[in-house]
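Quick caveat: nothing in here was measured; it's all calculated off a predicted structure.
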Amino acid sequence: MKHLDINGIMEIIPHRHPFLLIDYIEDYEPGEYAVGYKCVTYREDFFKGHFPQEPVMPGVLTVEALAQTGAVAILSKEENRGKTAYFGGINKCKFKGKIGPGDKVRLETRIIKSKGPMGIGEATATVDGKVVVSAELTFMVG
């Protein structure tokens with residue numbers, strides 16, 4: 001298993017606080033998959049307005065965290081080092097649960113198709129073993 005702490009993640013993808021949405025990578029294989037985690041705290045800025053009476057992590061930020069996890073897999077390939085992975089599309093996205101303060105979100109993105117600078121990843125976010133978001137993410141490396 002290959003692990004990455006926050007500094008290792010920032011060596012691979014260009015995202016920075018407050019938009020870096022992965023705390024650590026538990027395992028990854030360049031060009032194939034990455035498994036990471038986001039430890040959600042009450043201090044997240046988005047909870048101030050989403051929603052003050054019932055804090056919920058916005059679904060689009062969960063999709064972004066999954067995309068960043070996939071970017072670790074893609075951009076850790078030697079030929080992609082120093083590049084950026086951009087969204088090309090989001091398909092088959094389903095929101096099946098809520099993420100709130102105290103949740104440890106497991107983020108897994110597997111690259112299922114890759115041709116040249118484009119590819120597709122199957123992405124799943126889970127909390128306590130339950131799927132909260134799933135999607136098919138299209139990316140382009142540039």
Side-chain angles (χ1 to χ4, degrees), residues 2-77 79-142:
K2 298 176 186 172
H3 306 277
L4 292 172
D5 63 11
I6 197 75
N7 293 318
I9 293 168
M10 291 192 299
E11 287 179 14
I12 296 171
I13 65 175
H15 303 79
R16 297 296 182 263
H17 178 78
F19 210 66
L20 179 57
L21 299 173
I22 313 167
D23 293 323
Y24 66 96
I25 295 291
E26 177 182 78
D27 191 21
Y28 72 103
E29 188 60 45
E32 293 183 28
Y33 72 90
V35 178
Y37 287 87
K38 167 74 175 156
C39 299
V40 181
T41 72
Y42 187 74
R43 298 181 65 107
E44 307 284 350
D45 285 337
F46 48 78
F47 286 142
K48 292 177 189 171
H50 197 269
F51 303 99
Q53 70 282 8
E54 182 189 355
V56 176
M57 183 173 176
V60 294
L61 292 183
T62 307
V63 173
E64 174 63 27
L66 287 164
Q68 289 179 19
T69 303
V72 169
I74 292 302
L75 299 178
S76 62
K77 287 180 72 172
E79 63 266 27
N80 292 333
R81 291 247 177 209
K83 296 181 180 178
T84 301
Y86 298 98
F87 262 126
I90 303 168
N91 295 304
K92 302 177 185 174
C93 188
K94 292 189 169 60
F95 299 98
K96 301 177 179 185
K98 294 188 273 185
I99 298 170
D103 286 338
K104 182 177 178 181
V105 185
R106 183 180 189 274
L107 306 158
E108 181 174 356
T109 302
R110 294 194 167 275
I111 308 309
I112 59 171
K113 189 175 186 182
S114 184
K115 185 173 182 180
M118 298 188 74
I120 297 172
E122 253 179 12
T124 307
T126 59
V127 174
D128 296 328
K130 296 176 185 151
V131 175
V132 290
V133 178
S134 63
E136 187 179 272
L137 307 176
T138 303
F139 64 86
M140 188 174 96
V141 176

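We find that Arg81 and Glu79 are not joined by a salt bridge, their nearest charged nitrogen and carboxylate oxygen being 4.0 Å or further apart. A salt bridge links Glu29 and Lys2; the closest N-O separation between the charged side-chain nitrogens and carboxylate oxygens is under 4.0 Å.
Inter-residue side-chain proximity for Lys83 and Leu75 is flagged as met; some heavy-atom pair is nearer than 4.5 Å. Contact annotation: the side chain of Ile25 never approaches that of Val35 to less than 4.5 Å [non-hydrogen atoms, C-beta and beyond]. In this structure, the side chains of Ile120 and Glu136 come closer than 4.5 Å at one or more pairs of heavy atoms. Residues Val72 and Ile13 are in side-chain contact: their nearest non-hydrogen atoms beyond the backbone lie under 4.5 Å apart. Side chains of Ile90 and Thr138 form no contact here, defined as non-hydrogen atoms less than 4.5 Å apart.
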*Carefully, step by step, assess Ile111 and Ile74 under the rule side chain to side chain contact (heavy atoms under 4.5 Å, CB included).*
CA-CA 8 Å; Ile111 308 309; Ile74 292 302; 3.6 Å; yes

_Test log, rule side chain to side chain contact (heavy atoms under 4.5 Å, CB included), inputs Val63 and Phe87_ = CA-CA 11 Å; Val63 173; Phe87 262 126; 4.0 Å; yes

*asked:* For a salt bridge (Lys or Arg N to Asp or Glu O under 4.0 Å) check, start with the C-alpha distance between Lys92 and Glu122, then their side-chain angles and the critical distance, and finish with the verdict.
replied: CA-CA 10 Å; Lys92 302 177 185 174; Glu122 253 179 12; over 6 Å; no

*Could you check Leu21 against Leu61 for side chain to side chain contact (heavy atoms under 4.5 Å, CB included), going step by step and ending with a plain yes or no?*
CA-CA 8 Å; Leu21 299 173; Leu61 292 183; 4.2 Å; yes

*Start with the C-alpha distance between Lys96 and Val131, add both sets of side-chain angles, then the distance that settles side chain to side chain contact (heavy atoms under 4.5 Å, CB included), and finish with yes or no.*
CA-CA 7 Å; Lys96 301 177 179 185; Val131 175; 3.9 Å; yes

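With rounding to the nearest 0.5 Å, the separation of NZ in Lys77 from CD1 in Ile12 is 13.5 Å. To the nearest 0.5 Å, atom NZ of residue Lys104 and atom CD1 of residue Ile99 are 14.0 Å apart. Remark: Thr69 OG1 to Arg110 CZ distance equals 12.5 Å, nearest 0.5 Å. Interatomic distance, CG of Leu66 versus OG1 of Thr109, reported as 5.0 Å (0.5 Å rounding). Taking CG of Asp23 as the reference point, atom NZ of Lys38 lies at 5.0 Å (rounded to 0.5 Å). Taking CG from Leu4 and CD from Glu26, the interatomic distance works out to 11.5 Å, rounded to the nearest 0.5 Å.
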In residues 51-60, what donor-acceptor pairs under 3.5 Å come from side-chain atoms, sequence neighbours left out?
from: Glu54; atom 1: OE2; to: Lys98; atom 2: NZ; distance (Å): 2.3

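When the shell of 6.0 Å around CE of Met10 is examined, it contains more than 12 heavy atoms from other residues, nucleotides or ligands. Within 6.0 Å of CZ on Arg43 lie no more than 12 heavy atoms contributed by other residues, nucleotides or ligands.
For the residue pair Ala71 and Ala85, the shortest heavy atom distance occurs at CB-CB, 4.1 Å. Of all the heavy atoms in Phe47 and Tyr42, the pair that sits closest is CD1-O, 3.7 Å. Val105 and Ala125 get closest at one heavy-atom pair: CG1-CB, 4.0 Å.
Applying the ring pair (Phe, Tyr, Trp, His ring centres under 6.0 Å) definition to pairs two or more places apart or across chains, those involving residues 4-28 are Tyr24-Tyr37.
Of the possible polar contacts, one joining the Asp5 side chain to the Gly8 backbone as a donor-acceptor pair under 3.5 Å is found.
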